Amino acid sequence: MSEKKSQWSSKLGFILASAGAAIGLGAIWKLPYVTGQSGGGAFFLIFVLFTLLIGLPMLLSEYVLGRGTQSEAVTAYKKIAPTKTGWAWVGRMGVLGCFLLLTFYSVVGGWIFIYSGLGVTGAVIDPGNDPSELFGKIVGTPWITLLGLGLFTLVNVLVISLGVQNGIEKASKWMMPLLFIMFIVLVVRALTLDGAMEGVKFFLWPDFSNITGKSILEALGQSFFGLAVGFSCLVTYSSYLKKDVSLPNSAGSVVILTVLVSFLAGLAIFPVVFAFNLEPASGPGLLFMVLPTAFSQMPFGEVFLAMFLLLFLFATLTSSFSLYEIIVAAFIEKGRMSRSTLTMLLGVVVFIAAIPAALSSSTLADVSIFGKTIFDATDFLVSNLMLPLGNLLIAIFIAHVVDKEFVKRELLIGSHMGQGFYSTYRLLMLIVVPLVIIVVLVNMLLQY
């Protein structure tokens with residue numbers, strides 16, 4: 001059976017895999033530290049509003065394109081606009097964006113792999129290890145970062161080579177429930193600490209005095225990053241979806257799960273940070289340096305830290321599966337290689353391409369691109385430029401190129417939603433979504 005005809009075995013499998021694609025570094029690593037830097041509750045509220053008003057329609061759009069054509073990203077655009085060949089480049093840009101994203105995402109995944117191993121042994125919060133020095137040693141030692149990168153890449157290759165049902169779906173079905181169970185345990189523990197309520201207040205009480213224009217732009221970018229929309233990953237995922245599945249219900253479930261995980265991440269992190277008088281605006285090092293310090297000061301801290309790191313690893317892996325799958329599916333469509341051969345080859349190419357970013361804090365620390373390290377420059381290109389641009393092009397395509405009846409049929413089939421839902425969706429995609437994305441892109445470019 002060709003990959004194009006593969007299908008999820010169940011609606012739950014699709015929802016968990018889609019949620020896994022969305023729930024990763026964005027929800028657990030990036031959102032907490034950006035929230036901390038942007039003043040807490042007001043930022044989180046804006047993020048949730050953007051996720052519902054902008055992210056959800058974009059998620060539905062990718063589902064419509066994928067399920068409607070039953071094709072991976074590049075072919076989907078070709079099928080819908082066969083005489084307008086330029087639109088296929090939206091799919092190709094998605095493939096390229098996913099590849100570039102993997103070159104730094106896999107590096108962070110490698111750090112988490114190393115930290116997870118050390119967390120299980122208790123070495124992360126060993127009294128003889130200073131968390132800041134340990135983080136510096138891990139990211140600054142070439143063989144350690146490359147080992148982590150290799151392990152992270154290997155797990156992705158093994159899962160993706162097994163296919164949609166036996167690989168991605170099965171992995172997501174046990175990883176995602178475990179992720180939620182561990183999150184709940186961590187949240188309960190965090191909320192029982194003395195001083196935890198100050199952290200809850202910081203995270204949930206909206207104080208708009210700390211909100212700036214940059215904060216609002218960050219919130220929108222986070223909603224895109226958090227839902228994994230803009231690179232057509234979910235066009236590919238939804239192409240394996242049966243016709244009787246409700247797209248609004250599925251998209252709504254994914255959005256709810258993503259917001260819930262972001263909410264749980266905040267409740268697991270900020271009460272701990274405030275209980276031990278640590279700095280919530282610590283930036284990217286929040287999870288790697290600040291939290292180990294906090295866990296080291298609580299009973300059974302080794303156990304809870306190990307659980308948190310494993311949770312983080314699971315979330316990062318389920319997201320990277322979608323990045324690999326869009327690339328693999330695009331080449332499988334050409335029928336020149338088997339899935340296993342292509343996946344192994346892709347793993348090797350990703351590993352090699354990720355080496356410069358992996359060495360950005362060590363051997364290649366002096367190499368600068370527009371004043372940024374290779375890692376940071378790749379992150380900026382993908383997250384701040386390609387991702388908003390990808391969303392804008394998909395919004396224009398779905399609103400002005402795709403036949404309205406095609407969109408309406410795919411959006412409403414198998415669903416209890418009616419004309420009102422479609423009209424609201426179309427209004428958002430025609431005016432609100434593209435306008436907001438253009439404002440974000442222009443402001444982002446003006447800042448730099």
Side-chain angles (χ1 to χ4, degrees), residues 22-53 55 125 131-132 179-223 225-227 255-301 303-305 307-309 311-312 315:
I23 298 165
L25 290 181
I28 301 177
W29 178 49
K30 197 170 185 180
L31 180 67
Y33 83 72
V34 174
T35 301
Q37 291 176 328
S38 303
F43 177 86
F44 185 70
L45 177 61
I46 295 170
F47 158 74
V48 172
L49 290 175
F50 275 144
T51 300
L52 294 174
L53 295 177
I125 56 176
S132 297
L179 184 149
F180 277 97
I181 291 169
M182 288 189 286
F183 245 138
I184 291 170
V185 172
L186 287 167
V187 168
V188 171
R189 181 66 187 99
L191 293 177
T192 58
L193 294 170
D194 291 336
M197 288 304 106
E198 286 300 313
V200 174
K201 181 179 178 182
F202 173 83
F203 177 52
L204 297 181
W205 186 259
D207 178 5
F208 289 94
S209 64
N210 292 315
I211 292 297
T212 63
K214 183 178 180 182
S215 300
I216 295 173
L217 298 179
E218 287 272 14
L220 180 61
Q222 183 61 39
S223 71
F225 198 84
L227 282 178
V255 168
I256 289 170
L257 288 174
T258 303
V259 172
L260 177 60
V261 165
S262 301
F263 175 73
L264 291 175
L267 288 184
I269 292 170
F270 290 112
V272 175
V273 170
F274 276 81
F276 294 100
N277 296 313
L278 300 172
E279 177 52 59
S282 299
L286 180 65
L287 297 189
F288 294 109
M289 293 182 285
V290 175
L291 284 186
T293 300
F295 279 115
S296 68
Q297 300 176 54
M298 67 171 67
F300 304 105
V303 176
F304 289 108
L305 179 61
M307 188 181 295
F308 188 88
L309 290 170
L311 176 156
F312 197 12

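Just so it is clear, the structure is predicted and the values come from calculations on it, not from any experiment. Quick note: residue numbers are just sequence positions, from 1.
- The two residues Ala196 and Leu191 have their closest heavy-atom pair at CB-O, 3.9 Å.
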* Is there a side chain to side chain contact (heavy atoms under 4.5 Å, CB included) between Val185 and Phe304 once you walk through the steps? -> CA-CA 9 Å; Val185 172; Phe304 289 108; 4.0 Å; yes
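- Across Ile216 and Phe50, no two heavy atoms sit closer than the pair O-CE1, 3.5 Å.
- Residue Pro271 comes nearest to Gly266 through the heavy atom pair CD-O, 3.4 Å, listed as atom of the first residue, atom of the second, then distance.
- Between Phe203 atom CZ and Leu45 atom CG the span is 11.0 Å, to the nearest 0.5 Å.
- In terms of heavy atoms, Val187 sits closest to Leu264 at CG2-O, 3.5 Å.
- In this structure, the separation between CG on Leu267 and CD1 on Ile184 is 11.5 Å, given to the nearest 0.5 Å.
- Shortest non-hydrogen contact noted between Phe44 and Val259 is CZ-O, 4.4 Å.
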* Given the rule in the side chain to side chain contact (heavy atoms under 4.5 Å, CB included) test, do Thr35 and Phe270 qualify, once you have shown the distances and angles that lead to the verdict? -> CA-CA 10 Å; Thr35 301; Phe270 290 112; 4.1 Å; yes
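- From Leu186, atom CG reaches atom CD1 of Ile181 across 12.0 Å, with rounding to the nearest 0.5 Å.
- Every pair passing side chain to side chain donor-acceptor pair (under 3.5 Å) that includes a residue from residues 179-192 is listed here, sequence neighbours excluded: Arg189-Thr192.
- Across Leu204 and Phe263, no two heavy atoms sit closer than the pair CD2-CE1, 3.7 Å.
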